[in-house]
Every structure is written in C-alpha cells, then in structure tokens.
**Q** 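To start, I am sharing the structure in question, which I have written as structure tokens.
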2 protein chains.
Amino acid sequence: MSDLLKRLRERGWRLTAQRRVVAEVLSGDHIHLTADEVHARATERLPEISRATVYNTLGELVSLGELLEVSTDHRATRYDPNARRPHHHLLCDRCGTIRDVHPTGDALSALPESERFGYTVSDVALTYRGICPNCAA
Amino acid sequence: MSDLLKRLRERGWRLTAQRRVVAEVLSGDHIHLTADEVHARATERLPEISRATVYNTLGELVSLGELLEVSTDHRATRYDPNARRPHHHLLCDRCGTIRDVHPTGDALSALPESERFGYTVSDVALTYRGICPNCAA
DNA sequence: CCCTACGTTGGACAAGGTCTAAGTCAAGGC
DNA sequence: GCCTTGACTTAGACCTTGTCCAACGTAGGG
Ligand SMILES: [Mn+2]
Ligand SMILES: [Mn+2]
Ligand SMILES: [Zn+2]
Ligand SMILES: [Zn+2]
C-alpha cells in the first residue's frame with residue numbers, strides 16, 4: 001500500500017502518521033470495514049488517533065477515488081479499498097458478511113433510454129442478498 | 001388501500017386510527033417516503049401520532065412484505081408501497097429523488113455459480129445513480 | 001532550524017433510529 | 001351496551017453513525 005502513499009504524496013498530501021496508519025489498515029483487496037472498525041485497528045498502531053481524523057481520511061480517499069463506500073441497510077457504511085477493478089457485492093442477510101462478485105453482462109446498458117426519465121445515469125450498483133454457508137449450517 | 005387494511009385485519013391486527021392513517025399516507029404506487037415524511041403527513045390527519053408508532057408500523061408492514069425498504073447512502077431509509085411488482089431504482093445524487101425503473105434482463109441469473117461462494121442467493125437490488133433533469137439544469 | 005498552512009484533536013452537535021415504562025383503547029365475551 | 005385485558009401508543013431517554021469546530025500540533029519548503 002506504499003503505492004497509495006506515493007499517489008497521495010503526488011497529490012500534495014502531507015504524509016502524517018495518522019494517514020499512513022489508515023492506509024495500512026485498509027491494505028488488502030477484499031476488505032469491507034466500517035469507519036469504527038478502521039478506527040479500532042488504527043488505534044492498535046497509533047493509540048491517540050481520533051475518530052474525526054479517520055472519518056476525514058476516509059472521506060478524502062473516497063473523493064480521490066482510492067476507496068469506495070458500500071452502504072447496506074441499517075448498518076454503518078463500509079469502505080472498500082478495491083476501487084480499481086469494478087465489482088459488485090453479495091451480502092449475507094444474517095451476519096452481514098460481504099463478498100466481492102463479478103456478474104456477467106453490463107447492468108448499466110440494461111437500463112433502456114425510455115426508463116431513464118431524463119437522468120444522466122453514471123453508475124449502477126448490484127447488491128445480491130442471501131445466506132452465507134456459515135449461517136446456513 | 002382498504003385492501004391493505006383488510007389484509008392486516010385478517011392477520012389479527014387491531015385497526016387503530018394510527019395504523020389506518022399510516023396506511024393512507026402510503027397509498028399510491030411510486031412513492032418513496034422517509035419515516036419522518038410519513039410522520040409529517042400522518043400528523044396532518046392525526047396530530048397526536050408519535051414517531052415511535054410510525055416506526056413500529058413501518059417495521060411491521062416491512063416484515064409482512066407489504067412495504068419495501070430502500071436505503072441509500074447517508075440518507076434516511078425510504079419506504080416503498082410498490083412491493084407487489086418487482087422493480088429497481090434510479091437515484092439522483094444531488095437531491096435524492098427516486099424513480100422506479102425496469103431494466104431488461106435478469107440480474108439474478110447474471111451471477112454465475114462460481115461467483116456464489118456457497119451462498120443461497122435470494123434477491124438482487126439494482127441501484128442506478130445519476131443526476132435528475134431538475135438538478136442538471 | 002523556523003514558519004506556517006495543513007492536519008489533528010476532543011468534544012459538542014445532529015440525524016436517524018430504537019427502546020421503555022406508563023397510560024390508552026380495540027374488540028371479544030358477557 | 002359495558003367490562004376486561006392484552007395489544008397498542010406515547011413521550012422522551014438513549015444509542016449509533018456521522019459532522020463540525022476552535023484550539024493545538026507538525027510536515028516539510030525555504
Ligand atoms: Mn468490494
Ligand atoms: Mn420503488
Ligand atoms: Zn452469514
Ligand atoms: Zn435531483
């Protein structure tokens with residue numbers, strides 16, 4: 001994830017200990033942590049890091065396109081470092097576990113012009129729901 | 001919407017003024033109100049109805065399958081009385097307006113077995129995002 | 001090594017939603 | 001019709017998630 005730090009450097013970010021730790025916590029590809037989970041893990045490495053800074057950093061990473069927000073019913077927003085390869089999600093209705101999935105076809109083009117109501121449509125999210133093997137047992 | 005009241009009757013619900021008013025407020029087919037919007041409209045007809053009762057009633061209607069929850073990033077959950085005909089949603093990123101849409105194809109079958117990770121997949125929600133003509137102007 | 005603009009902090013604040021204890025009332029039985 | 005009773009409603013406390021702010025700290029250019 002020093003790739004990320006390098007890109008941030010290039011965009012004029014100051015490399016603070018806090019930002020480094022948040023970036024470390026988010027390294028990995030199939031992770032979908034909540035802000036408070038990120039904060040908890042960051043605290044292990046940098047005990048004095050504040051909730052506000054975690055929220056700030058996550059928000060900045062999202063607006064730079066380095067992180068995706070994944071929001072699911074009635075639960076805290078999750079942050080997805082797998083922002084480079086587009087994908088969708090499969091949720092367990094019982095335990096909330098999320099998996100990355102890659103359905104076939106292009107859902108964006110599945111919305112005909114007559115169903116766009118003058119909107120400029122830019123994106124589509126597919127959220128599959130079900131029960132994971134762990135919860136089914 | 002007295003159809004709804006009748007179905008509730010049959011399921012052993014007491015027909016209180018509060019439930020009647022919530023059912024009335026929700027009548028219609030392309031409505032996506034938040035709980036507080038439902039409460040505001042209900043209050044016009046029944047000034048003393050409480051927020052808790054609105055939340056209780058909405059929750060009950062959802063678990064009976066009479067209402068759908070539509071949750072969108074960082075905004076209040078919306079409640080959708082169009083639970084009978086399956087459909088998907090198109091959201092405006094600026095103002096939050098929701099439209100019902102009917103994309104072509106079957107998104108459920110677009111998820112290959114190899115991408116199901118042992119889950120029993122029961123449902124899929126498509127959420128299109130964009131800018132509505134009103135906000136684009 | 002200094003300076004300063006950018007970053008961080010803790011805590012107040014806000015919105016959305018849940019829970020509870022006490023009071024109210026729908027509706028079945030007489 | 002009137003009682004009775006358990007289901008329903010109520011106000012407000014409380015919780016979780018997330019935002020904002022003024023004071024303080026520090027990365028990094030000069
Ligand atoms: Mn993902
Ligand atoms: Mn709808
Ligand atoms: Zn599960
Ligand atoms: Zn709009």
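What you see is a predicted model; the values in this text were computed from it and never measured. Letters A, B, ... are given to chains in the order of the sequence lines, protein chains preceding strands, and every chain is numbered from 1.
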**Q** Among C/dT9, C/dG16, C/dG7, which nucleotide sits nearest the side chain of B/Tyr55?
**A** C/dG16

**Q** Just how far, in rounded Å, is C1' of D/dT10 from NE2 of B/His39?
**A** 10 Å

**Q** So, is B/Thr77 near the phosphate of C/dG17, with a side-chain N or O under 4.0 Å from OP1 or OP2?
**A** yes

**Q** Quick check: on DNA chain C, is the nucleotide nearest A/Ala52 upstream (toward 5') of the one nearest B/Trp13, or the reverse? Name the residue that is more 5'.
**A** A/Ala52

**Q** Could you tell me if the side chain of B/His32 sits less than 4.5 Å from the side chain of B/Asp100, heavy atoms only?
**A** yes

**Q** Tell me: CG of A/Asp36 to C1' of D/dT16, nearest whole Å?
**A** 8 Å

**Q** If I take atom CZ in residue A/Arg75 and atom P in nucleotide D/dT16, what distance separates them, rounded to the nearest angstrom?
**A** 15 Å

**Q** A/Gln18 side chain N/O closer than 4.0 Å to the phosphate oxygens (OP1, OP2) of D/dT26?
**A** no

**Q** Count the heavy atoms belonging to other residues, nucleotides or ligands that lie under 6.0 Å from CG of A/Asn134, then report whether that count exceeds 12.
**A** no

**Q** Take the protein atom CG of B/Leu58 and the nucleotide atom P of C/dG17, then report the distance between them rounded to whole Å.
**A** 10 Å

**Q** I want to verify a distance call: between D/dT10, D/dC8, C/dG16, whose nearest atom is closest to the B/Ile49 side chain?
**A** D/dT10

**Q** What integer distance in Å separates A/Arg11:CZ from D/dA27:P?
**A** 22 Å

**Q** Does the base of C/dG10 carry an N or O that pairs as donor and acceptor with the side chain of A/Arg51 under 3.5 Å?
**A** no

**Q** Could you grab the distance from atom CZ of B/Arg9 to atom CG of B/Leu15, nearest 0.5 Å is fine?
**A** 5.0 Å

**Q** For the residue pair A/Leu61 and A/Leu4, establish whether any side-chain heavy-atom pair is separated by less than 4.5 Å.
**A** yes

**Q** Can you identify which nucleotide, out of D/dG28, C/dG16, D/dT10, has its nearest atom closest to the A/Arg9 side chain?
**A** D/dG28

**Q** Please tell me which of B/Ser50 and B/His74 maps to the more 5' nucleotide of DNA chain D, matching each residue to the nucleotide holding its nearest heavy atom.
**A** B/Ser50

**Q** Run B/Leu26 and B/Ile31 through side-chain contact (heavy atoms from CB on, under 4.5 Å) and show every step you take.
**A** CA-CA 7 Å; B/Leu26 289 171; B/Ile31 299 182; 5.6 Å; no

**Q** B/Arg14 has a side chain; which of D/dG6, C/dT9, C/dA5 sits nearest to it?
**A** D/dG6

**Q** In whole angstrom, what separates B/Glu48's CD from C/dG23's C1'?
**A** 14 Å

**Q** Atom CG of B/Leu15 to atom C1' of C/dG28: distance rounded to whole Å?
**A** 14 Å

**Q** Pick the closest DNA chain C nucleotide for B/Tyr79 and for A/Thr57 by heavy atoms, then say which residue is nearer the 5' end.
**A** A/Thr57

**Q** It should be established whether B/Thr16 places a side-chain nitrogen or oxygen under 4.0 Å from OP1 or OP2 of nucleotide D/dA7.
**A** no

**Q** Separation of B/Arg19 atom CZ from C/dA26 atom P, in whole Å?
**A** 12 Å

